[in-house]
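Reckoned from all heavy atoms, side chains included, excluding hydrogens, waters and symmetry mates.
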Amino acid sequence: MKNTLVSILSTLLLMSIFSSSDTFAQYQASMQWSLPKGAKARLGKGRISKVVYSPDGTRLAVASGIGIWLYDAQTGEELDWLTGHTDRVLSVAFSPDGSMLASASTNGTLLLWELTLTPVNQK
């Protein structure tokens with residue numbers, strides 16, 4: 001009985017969050033980045049290992065089990081999804097000027113990413 005009540009309340013909460021068509025459309029679009037052929041949606045964005053702010057505070061980089069997500073720190077809008085590691089990303093760090101991002105995975109791979117310097121709010 002308790003599990004059923006929790007499931008019902010969780011469903012109602014999710015329905016209220018995504019009741020706005022704009023919110024749901026944005027969610028749906030972000031969940032379809034780089035999906036395998038034939039897949040309709042992504043369930044989750046991977047296990048989060050680390051979250052860091054860019055030096056100027058405008059972006060967030062999130063290391064996860066499926067890559068690195070970049071977000072606008074003010075709006076929460078997804079800006080990019082960086083893939084290239086063959087294992088879970090453990091750590092990320094911005095360069096002092098914010099133009100590069102370093103990432104490391106569980107298999108010892110280190111990748112450097114060149115980022116655009118265009119301010120997020122001027123896209």
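- Considering only heavy atoms from C-beta on, L70 stays 4.5 Å or farther from V62 through its side chain.
- Of all heavy-atom pairs between K50 and S91, the closest is CD-OG, 3.7 Å.
- Counted by atom type alone, D87 and T109 present zero donor-acceptor pairs between their side chains at under 3.5 Å.
- The heavy-atom pair separating Y53 from A73 by the smallest distance is CE2-CB, 3.9 Å.
- Minimum interatomic distance between S99 and S95 (heavy atoms only, all atoms of both residues): N-OG, 3.2 Å.
- W113 has its side chain within reach of I68: a pair of non-hydrogen atoms, C-beta onward, lies under 4.5 Å apart.
- For the pair D72/L60, no side-chain contact is recorded, criterion being any heavy-atom separation below 4.5 Å from C-beta on.
- Through direct or indirect side-chain contacts shorter than 4.5 Å among Ile, Leu, Val, Met, Phe, Trp and Tyr, L112 is connected to M100.
- Nearest heavy-atom pair, S54 versus D56, reported as atom, atom and distance to 0.1 Å: OG-OD1, 2.7 Å.
- Under 3.5 Å, the side chains of R88 and S49 contain a donor-acceptor pair of N or O atoms.
- The CG atom of L111 lies 9.5 Å from the CG atom of L82; values are rounded to the nearest 0.5 Å.
- The CG atom of L110 sits 11.5 Å away from the CG atom of L90 when rounded to the nearest 0.5 Å.
- H85 places a side-chain heavy atom less than 4.5 Å from the side chain of S103.
- Interatomic distance, D80 CG to W69 CH2, rounded to the nearest 0.5 Å: 9.5 Å.
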